[in-house]
Amino acid sequence: MDLRFDNAFARELPADPEQGARLRQVHGALYSRVAPTPVAAPRLLAHSREMASRLGFDEAFVQSPRFAEVFAGNALLPGMLPIAANYGGHQFGHWAGQLGDGRAISLGELVTAQGERWELQLKGAGPTPYSRSADGRAVLRSSVREFLCSEAMHHLGVPTTRALSLVGTGEPVLRDMFYDGHPAPEQGAVVCRVAPSFIRFGNFELPSARGEHALLGQLVDFCIRRDFPELEGPGLREEWFGAVCDRTAEMVAHWMRVGFVHGVMNTDNMSILGLTIDYGPYGWIDDYDPDWTPNTTDKDRRRYRFGSQPMVAFWNLSRLAGALAPLFPDSAPLQAGLDRFASAWPRHERATCAAKLGLRAADDADLALWQDMLALLQAAEVDMTLWYRGLSSLDLAAADAAPALLPLEAAFYDRDKRDAQAPALRDWLARYALRVQRDEWAPADRRAAMDAANPRYVLRNYLAQEAIDRAAGGDPSGVAELLEVMRRPYADQPGREAFAARRPDWARNRAGCSMLSCSS
Ligand code: AMP
Ligand code: MG
C-alpha cells in the first residue's frame with residue numbers, strides 16, 4: 001500500500017520550538033510536535049468501511065494488527081508527523097485562553113489517489129502540552145459515541161468530521177462520570193477521526209487575543225489556500241469569512257432538520273469548514289422540546305439547548321469576526337459576512353419547513369402553520385422523528401376524521417398528554433391537509449420528497465447506550481450493527497423496526513441516554 005502524506009499545516013505554519021508533552025503556554029506558534037503515548041493492548045473494535053476505502057486502506061490492512069497499532073497510537077506509518085494544535089476559545093460565553101488539542105493528536109494529512117486531502121487525528125492518544133489537568137485519554141463510552149455519530153451524521157447528509165476507526169486500548173481510564181467525587185476505572189479507547197481540516201474558530205482567536213497579528217494573518221491565508229481552494233480574486237479574506245458564515249448556517253440548519261443537539265457549542269468546537277466537530281455530550285431530540293440539552297454541565301442555563309443553536313452559531317461567528325478584526329482596516333467586510341448569516345438563516349428556515357412538511361415552498365403562513373405544529377408536539381410530548389415520518393404516510397383526504405391520528409400513534413410518549421392535545425392536533429391536521437392539497441403534488445412524489453428529508457433512523461441516545469453497554473461487556477458487534485442501520489437512515493429497513501422505535505421508558509432519565517456530562 002502506497003500512502004502519501006503531505007503535512008501542509010506542520011510544514012507551512014510556525015511550530016512550538018519545544019517538542020513533547022510538558023504542559024506549557026505556547027506563544028508565537030500554531031502547534032506542538034508530540035507523539036501519541038503507546039497503549040497496552042490495541043484491539044480494533046469497529047471501523048467505517050466507507051472511510052477506509054475512501055482513504056485507500058484495503059480490508060486486509062484494516063484487519064491486520066498493524067492497523068490497530070497505528071490507530072491506537074503505538075506506531076506511525078511512513079510520512080506521518082504527529083502534532084497537537086494550539087488554539088483558544090470561548091467556553092459557555094467566556095474567553096478561556098489557551099486550550100489546544102489536549103487529547104487529540106493529528107498524525108498527518110493523507111493525500112489519496114483521487115487527490116483528496118484528509119487529516120487523520122487520534123482522539124484519546126495521550127497527553128500533549130495542552131492537556132492541562134487532564135490525562136489525554138478517552139473512555140470507551142464517549143469514543144463509541146463519537147465514532148458512531150460521526151458516521152451517522154455523514155449518512156444523514158449533515159456536514160461532519162468523519163470516523164475511520166474505534167480501537168480499544170486495553171487500559172483503564174479513571175473518570176468521575178457524575179462529578180460526585182467517586183472516580184472509577186473505565187475502559188479506554190481511541191477514535192481516529194478524519195476531516196479535510198480540523199481548524200477551529202479558536203485557532204484564530206488565540207493569536208488574536210495575544211496580539212500575534214502576523215501569526216493570525218498567516219493562519220488565515222493558509223486556511224484559505226488549503227481549505228477553501230474554490231475562493232479566488234480580490235477581497236479574498238472577506239470572501240473567506242463570508243463563506244465560513246454560509247457554511248456554519250448550513251450546518252446548523254441540518255442539525256435543526258434532523259434533531260441534533262451538539263451540547264457544547266464553544267468556539268473551540270466550531271470547525272472553520274462548517275463541519276460538526278467534537279462529539280461529546282451531544283444528543284438527539286426524542287420528544288420534541290426546543291429547550292432540551294443533553295449536557296448536564298449546562299442544565300441550569302441551557303445555553304446550548306436545541307432551539308438556541310442558530311443564535312449561538314451567530315454569536316460564535318461574531319467572536320470569530322472580532323478575532324479577525326485586526327486584519328481588516330474597518331469592520332465593514334466582517335459585518336458583511338455576519339449579514340450573510342443573518343439573511344441566509346430565514347431562507348434555511350423556510351427550506352427546512354418546506355422539506356419537513358412536504359411543501360413545494362414555504363411562505364410566512366406556512367411558517368406559522370409549522371410553528372403551531374411544533375407547539376403542539378411539545379405540549380403533547382411527541383417524538384420528533386416518528387412524527388415527521390408518520391406525517392408523510394398519512395392519508396390526508398381523511399385527516400379531519402377521527403382515525404387520522406392512528407398512523408402517528410407510535411410517536412406519543414404520554415397518553416394523557418396525547419388525549420389532551422388530540423382535538424387541537426386534529427384541527428391542525430385538517431389545516432395541513434388543506435395546505436398540502438394546494439400544491440397539487442402527486443402524493444407518491446411528495447411522500448418520497450418528505451422521506452428524503454425526514455430520517456426514519458437517527459442515533460437515538462438510548463441506542464448508542466445499548467451498543468456501549470454491550471461493548472463494555474466485551475461484545476463490540478452492537479457498534480457495527482448500529483452503524484449498519486445508520487448507513488441508510490432514510491430507507492425503511494424491514495426487520496430493523498426496533499431501531500426506529502421511540503425511546504423506551506427505562507431510558508427517560510438514565511445517564512448516557514438523556515443526560516451526559518463533559519467528563520468523557
Ligand atoms: P471539549 O469541551 O471536550 O471540546 O474540551 C475542551 C478542552 O479540554 C480541549 O482543549 C480538550 O482538548 C481538553 N480536554 C478534554 N478532555 C481532555 C482529556 N481527557 N485530556 C486532556 N485534555 C482534555
Ligand atoms: Mg473540543
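Both counts, for ligands and for their atoms, begin at 1 and track the order of listing.
Considering backbone and side-chain atoms together, Val264 places no N or O closer than 3.5 Å to any N or O of ligand 1. Considering backbone and side-chain atoms alike, Asp101 places every N or O at 3.5 Å or more from each N or O of ligand 1.
To the nearest 0.5 Å, atom CG of residue Asp246 and atom CE of residue Met251 are 12.5 Å apart.
Annotation: side chain of Leu55 is in contact with side chain of Leu120 (closest heavy-atom distance under 4.5 Å).
Taking the six-membered ring where the residue is Trp, the centroids of Tyr304 and Phe92 are separated by under 6.0 Å. Ring centroid separation for the pair Phe499 and Tyr457 does not come in under the 6.0 Å cut-off.
Our summary of the site lists the angle at the Mg ion (ligand 2) between OD1 of Asn269 and OD2 of Asp278 as 80°, to the nearest 10 degrees.
At least one heavy atom of Arg175 sits under 4.0 Å from some atom of ligand 1. Residue contact annotation: Gly280 has no non-hydrogen atom under 4.0 Å from ligand 1.
Counting heavy atoms closer than 4.0 Å to ligand 1, residue Arg137 contributes backbone atoms (N, CA, C, O) but none from C-beta onward.
Salt bridge annotation for Arg66-Glu69: absent, with no cationic side-chain nitrogen under 4.0 angstrom from a carboxylate oxygen. A salt bridge does not link Arg49 with Glu151: every distance from a Lys NZ or Arg NE/NH1/NH2 to an Asp or Glu carboxylate oxygen is 4.0 Å or more.
Within the set Asn295, Val139, Asn269, the minimum heavy-atom distance to atom 1 (P) of ligand 1 is found for Asn269.
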